[in-house]
Amino acid sequence: MSSWVNRTLLSGTSTAANGGTSHTCTFTAATSGNFLMAVMSASVTFTTPTGWTLLGSAINNGVTYVFTRTATAGLSSFATTHNASNYAIEGVVYEFASGSAATGTAGSNTSVSSSGSVSGTACTSLSGTYTRFGAFDWNIQATSGTASFAWTTPTVEDQDQLTLHSSQDGIEQTIAYDDGASGASFTPSGTVSGTALNLTGESLSWAATIVTAGAATIPDITMAPMIGS
Amino acid sequence: VALNVGYKELNQGNDVIIRVYYDRSWLLNNPNADPDLAPLIDTADANNPEPRGFCADITNLSGRHAVLTLIRNSDGATTTITVQKGNPVTTGPSKSQTAAQMAALGFHTRGDVDLSLTG
């Protein structure tokens, strides 16, 4: 069972090429105090949305960013500006219960091969139990073709999406996670395949301690001695 | 045209920021060429986020532990350094580098160098 409260795969006007240099991304309205995480990729850069914090980013042929913030009541969108116009973007916004937070030190690199087995850079300085995340992206210059990814670490694929464009570069984004992970570090890895890839990609790895929504807190109960015992 | 923003960047929380600048005009003038052949440059381009005259511009605002690996794609050689505190870092093994200094290390073009950043 996934640990988020809500998950929004961005689509429609949130991600489509629109002729301009900005997008307003709309997601499921959040609960005040909850922890939001937006994982965004494209073949254009992003500004950090107002009120959000950049957890990590990798920029070369494509880009991947992770933005986080604490939600205000009903927060359901953010705006970001790009360095060029009319590019499609991809992304997922996760909402976790209040008290959840990023942990460890994110890893990133700009040297991910466009075929075969690939690895990112380790997320480090981890302790206890956490949810680990990995993301890869590849710039797509082709107007047709395929791309997909099979994750090794983390193991649960949540996103594997290819967006092509007739006149601008497209993007392949993939995201995976594992709840209940442990250990001081992890390195994202897997196998990329497809016919649309020809440039090196980017990777990010990061982690968060997640409070499970609705988890009951069991109070200490002092048992009275049983009569007659 | 591939993403041609003028630099490669790895960023940990706007605290540790590594950028390597290349000449974005090269691809604009050769839109069908290999983007990896764009020359590395010392940036003074006001459109870039840190036009401080370096090619490899290295920042660690807090001094937290960060490890940068430079990958030389011509032979796969790697150079791993601990990023010291600075904005930009100008002393020690992790000091920011000019394009001439990068060339001396075998990094001449955008495609010559890749970056990996961890903690």
Side-chain angles (χ1 to χ4, degrees), chain A residues 41-48 53-68 82-84 87 102 104-113 119-126 137-141 167-169 171 184-187 198-207, chain B residues 1-22 24 27-28 31-38 45 47-49 56 60-62 64-74 76-78 80 82-83 107 109-119:
Chain A
S41 298
S43 292
V44 284
T45 59
F46 292 61
T47 56
T48 301
T53 297
L54 176 65
L55 179 65
S57 64
I59 301 171
N60 184 22
N61 294 313
V63 304
T64 290
Y65 299 81
V66 178
F67 303 115
T68 65
H82 313 297
N83 70 302
Y87 282 77
T105 302
S108 56
N109 77 30
T110 64
S111 58
V112 182
S113 172
S119 294
T121 298
C123 176
T124 61
S125 304
L126 297 166
D137 77 82
W138 287 267
N139 169 295
I140 305 291
Q141 295 181 293
S167 60
Q168 304 285 23
D169 292 357
I171 192 72
S185 67
F186 74 93
T187 300
N198 65 340
L199 296 172
T200 56
E202 294 71 40
S203 81
L204 276 178
S205 59
W206 71 101
Chain B
V1 178
L3 175 57
N4 188 38
V5 72
Y7 53 90
K8 301 185 177 195
E9 177 185 296
L10 298 180
N11 188 318
Q12 287 177 344
N14 279 330
D15 188 1
V16 180
I17 305 168
I18 313 298
R19 293 193 184 96
V20 173
Y21 292 97
Y22 56 83
R24 63 187 302 273
L27 189 59
L28 293 174
N32 296 317
D34 182 349
D36 278 347
L37 297 180
D45 184 343
N47 292 318
N48 281 330
N60 185 347
L61 295 176
S62 68
R64 73 170 170 180
H65 185 64
V67 177
L68 170 67
T69 299
L70 294 174
I71 303 159
R72 190 169 62 198
N73 286 321
S74 60
T78 59
T80 299
T82 298
V83 181
F107 303 118
T109 68
R110 175 179 179 176
D112 283 345
V113 59
D114 267 310
L115 309 170
S116 172
L117 182 63
T118 187

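Not measured: the values here are computed from a predicted model. A note on names: the letters A, B, ... follow the listed sequences, proteins ahead of strands, and every chain is numbered from 1.
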Open item on the list: Can you tell me which of A/S57, A/S205, A/G107, A/G56 forms the most heavy-atom pairs within a distance under 4.5 Å of chain B?
Closed with: A/S57

Open item on the list: Can you tell me how far apart CG (A/N109) and CG (B/L68) are? Round to the nearest 0.5 Å.
Closed with: 11.0 Å

- [ ] Could you check A/T121 against B/T118 for side-chain hydrogen bond (donor to acceptor under 3.5 Å, both in side chains), going step by step and ending with a plain yes or no?
- [x] CA-CA 7 Å; A/T121 298; B/T118 187; over 6 Å; no

Task: Residue part contacting chain A, namely of B/I71, when any heavy atom lies under 4.5 Å - done: side chain

Open item on the list: Distance check, rounded to the nearest 0.5 Å: B/I18 atom CD1 versus A/T110 atom OG1?
Closed with: 11.5 Å

Task: Option that, when pairs with chain B are counted at under 4.5 Å, heavy atom only, ranks first among A/A102, A/S43, A/G62 - done: A/S43

- [ ] Kindly compute the distance separating CG (A/L55) from CG (B/D15), expressed to the nearest 0.5 Å.
- [x] 11.5 Å

TODO: Supply the atom-to-atom distance A/N60 CG to B/E9 CD, rounded to the nearest 0.5 angstrom.
DONE: 11.0 Å

- [ ] Against chain B, work out which of A/V44, A/I59, A/T124, A/T105 has the most heavy-atom pairs shorter than 4.5 Å and name it.
- [x] A/I59

- [ ] Hey, could you give me the CD/CG distance between B/Q12 and A/L204, rounded to the nearest 0.5 Å?
- [x] 10.0 Å

Open item on the list: If I measure from the heavy atoms of chain B, does A/T53 come under 4.5 Å with its side chain, its backbone, both, or neither?
Closed with: neither

Task: Portion of B/R19 that has a non-hydrogen atom of chain A nearer than 4.5 angstrom - done: neither

Open item on the list: My understanding is that only residues two or more places apart in sequence, or in another chain, count here; which of them pass ring-ring contact (aromatic ring centres under 6.0 Å, His included) with A/F186?
Closed with: none

Task: Approximate separation, where rounding is to 0.5 Å, of B/L3 CG and A/Q168 CD - done: 11.5 Å

Open item on the list: Going by ring-ring contact (aromatic ring centres under 6.0 Å, His included), name the residues that satisfy it together with B/Y7, two or more places apart in sequence or in a different chain.
Closed with: B/Y21

TODO: Check whether A/L54 gets within reach of chain B through its side chain, its backbone, both or neither, counting any heavy atom under 4.5 Å.
DONE: both

